[in-house]
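FYI, the numbering just counts along the sequence from 1.
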Amino acid sequence: MAELASLVIPESSSLRRDAPSVVTDWRPDYDAVYDRRTLAYDVFHVPARDAYCMIAPRLLNLEPALRRAEILGDGKRIPIRRIRRYKRFEEIWLGPTAPVRSLTFRFDDFEATLAPGTQDLERFQGANALYTKSRNNRLDWIVDWARYHARIHNADSLVFVDNGSTDYGVEEIRAALAGIEGLRRATVIDAPFPFGVADRHETKFFQVAIMNMARRRFLLRARAVLCIDVDELIAPIRGSDVFADTVRSPFGYRLFRGRWLERDPNRLAEAPRHAQHVNRLASGGEMRATKYCIAPRGLLRGAHWDVHGAVRGFLKDRLVTGRVGYWHCRNISTNWAPYRKRSQERTEGLKPDAAAEAAFERAFSS
């Protein structure tokens with residue numbers, strides 16, 4: 001388990017994050033999922049920089065309040081060294097300072113003290129690491145997903161972020177992962193923060209911010225990191241695995257597209273599992289959305305990570321490879337996303353996917 005040192009504005013304070021200005025048609029139901037009060041998801045010491053790193057949602061109108069706040073480390077004032085602003089999150093660097101036992105933030109109408117964390121890069125040094133975030137995905141799905149990548153792609157480590165699941169606790173996740181052969185290191189992080197409005201990307205700070213928290217705090221020395229969801233499986237690579245293939249690539253980076261897999265129509269009465277997804281659509285089913293694997297110490301080591309890649313702009317599509325691909329298992333879903341709610345069980349126009357069937361036999365046979 002890893003605990004986050006988060007900074008949240010109390011209900012008693014008048015401070016609140018405004019809605020992004022680009023969302024001009026704000027609806028009342030957005031307030032339940034939009035994050036108005038988190039100032040930092042995590043604060044941890046980075047020895048190489050002699051500073052503390054705060055990973056935060058976009059500050060927006062809260063930036064002036066943070067800049068005028070009094071920040072104390074064990075009672076001594078610590079300045080804000082720099083604020084790095086990205087599209088959906090911010091890095092606030094505090095220092096220079098040696099590690100302290102407590103950080104206190106004094107604002108206009110409230111004061112908060114937290115025990116900051118520390119980087120733990122040694123734990124995942126040289127690892128073939130999986131990274132995912134999840135909410136209420138069934139535990140057997142999580143286990144199947146991790147077992148598949150351990151057996152088919154030699155994954156040996158996992159950083160798992162739980163975004164406030166209500167069906168089970170983080171201790172149950174840890175216990176479920178403990179029995180997976182080949183998975184030598186796993187860190188489970190309890191992160192019950194608002195996710196944002198599902199179909200309003202400008203409001204979804206959490207997903208990208210928490211991924212870059214994991215990158216900076218745990219994964220910078222990993223051999224390679226595969227960033228995918230629990231309903232996605234990397235297809236086998238002849239003579240290699242996704243981590244080795246990524247490390248050998250020119251940029252230490254593999255960006256790839258996927259394909260929908262459909263369930264066996266004869267097994268629709270059963271509870272959905274990855275291994276039932278042995279069919280593909282006879283026509284169509286390809287996905288434009290990219291996923292990726294990255295070597296944190298490769299040529300792109302300075303790039304921040306995002307959901308669908310670590311390279312933006314005109315270069316992004318030029319880096320897509322056909323050597324690697326992922327399978328998107330349609331019915332491994334909690335139906336949280338609008339497009340998944342519209343999905344229907346496919347029973348016609350299917351053909352067997354021999355590669356998936358063979359991979360699932362390898363991965364899930366005892």
Side-chain angles (χ1 to χ4, degrees), residues 124 126-134 137-160 173 176-187 219 222-249 252-264 267 272-280 285-287 289-296 320-333 351-366:
F124 292 94
N128 291 340
L130 299 166
Y131 169 84
T132 199
K133 69 101 184 78
S134 172
N137 281 297
R138 282 174 23 192
L139 292 175
D140 55 1
W141 293 349
I142 295 167
V143 169
D144 285 352
W145 172 82
R147 177 175 288 125
Y148 173 91
H149 289 102
R151 289 189 173 181
I152 302 300
H153 287 283
N154 298 312
D156 59 24
S157 303
L158 167 63
V159 174
F160 187 99
I173 300 171
L177 294 171
I180 297 176
E181 182 181 359
L183 198 65
R184 298 188 291 118
R185 294 161 287 200
T187 290
L219 293 170
R223 181 182 184 228
V225 182
L226 177 62
C227 301
I228 57 171
D229 296 330
V230 169
D231 57 357
E232 297 163 347
L233 304 173
I234 305 302
I237 302 171
R238 185 183 297 273
S240 188
D241 60 65
V242 68
F243 302 101
D245 190 77
T246 296
V247 170
R248 288 196 296 262
S249 67
Y253 180 66
R254 285 299 194 194
L255 183 71
F256 42 85
R257 293 197 168 98
R259 165 181 292 279
W260 286 104
L261 285 186
E262 314 292 338
R263 281 212 290 170
D264 181 346
R267 303 181 66 180
R273 300 289 288 269
H274 292 81
Q276 299 164 1
H277 290 73
V278 293
N279 292 302
R280 62 199 298 179
E286 298 86 2
M287 303 189 68
T290 53
K291 291 300 173 79
Y292 64 102
C293 187
I294 187 167
V320 174
T321 180
R323 279 184 53 82
V324 185
Y326 70 94
W327 293 322
H328 205 160
C329 298
R330 188 177 298 278
N331 291 96
I332 305 300
S333 173
K351 67 177 183 180
D353 191 306
E357 194 165 9
F360 295 161
E361 178 65 24
R362 286 175 55 200
F364 301 127
S365 61
S366 55

Gap separating the [atom1] atom of [X] from the [atom2] atom of [Y], nearest 0.5 angstrom:
X      : Y      : atom1 : atom2 : value
Leu255 : Thr290 : CG    : OG1   : 4.5 Å
Tyr326 : Arg257 : OH    : CZ    : 9.0 Å
Ile294 : Arg254 : CD1   : CZ    : 13.0 Å
Leu226 : Leu158 : CG    : CG    : 10.5 Å
Asp144 : Ile180 : CG    : CD1   : 8.5 Å
Asp241 : Arg151 : CG    : CZ    : 16.0 Å

Heavy atoms only: give me the nearest [X]-[Y] pair and the separation to one decimal.
X      : Y      : answer
Pro352 : Asn279 : CA-OD1, 3.4 Å
Leu130 : Ala146 : CD1-CA, 4.3 Å
Ala275 : Phe364 : CB-CD1, 3.6 Å
Pro272 : Arg263 : CA-NH1, 3.5 Å
His149 : Ile234 : NE2-N, 3.1 Å
Phe256 : Cys293 : CE2-N, 3.8 Å

Within a strict 4.5 Å, meaning less than it, do heavy atoms of the [X] and [Y] side chains meet?
X      : Y      : value
Ile173 : Leu139 : yes
His277 : His328 : no
Trp141 : Arg273 : yes
Val278 : Leu261 : no
Val159 : Phe124 : yes

So does [Y] get a backbone contact from the side chain of [X], meaning a donor-acceptor N/O pair under 3.5 Å?
X      : Y      : result
Trp145 : Leu233 : no
Asp229 : Asp231 : no
His153 : Ala235 : yes

Pairing residues for Asn128 by the side-chain hydrogen bond (donor to acceptor under 3.5 Å, both in side chains) criterion, not counting sequence neighbours: Arg223

What pairs with Thr132 under side-chain hydrogen bond (donor to acceptor under 3.5 Å, both in side chains), at least two apart in sequence or on another chain? none

What orientation do Tyr148 and Phe360 show, parallel under 30°, tilted 30 to 60°, or perpendicular over 60°? perpendicular

Which pairs pass salt bridge (Lys or Arg N to Asp or Glu O under 4.0 Å) with one or both residues in residues 353-366, sequence neighbours excluded?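 Only Arg280-Asp353 qualify under salt bridge (Lys or Arg N to Asp or Glu O under 4.0 Å).
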
Give the C-alpha distance, both sets of side-chain angles, the deciding distance and a yes or no for side-chain contact (heavy atoms from CB on, under 4.5 Å) between Trp327 and His274. CA-CA 10 Å; Trp327 293 322; His274 292 81; over 6 Å; no

Could you tell me whether the side chains of Ser249 and Arg323 share a donor-acceptor contact shorter than 3.5 Å?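 Per modelled atom types, Ser249 and Arg323 side chains form no pair under 3.5 Å.
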
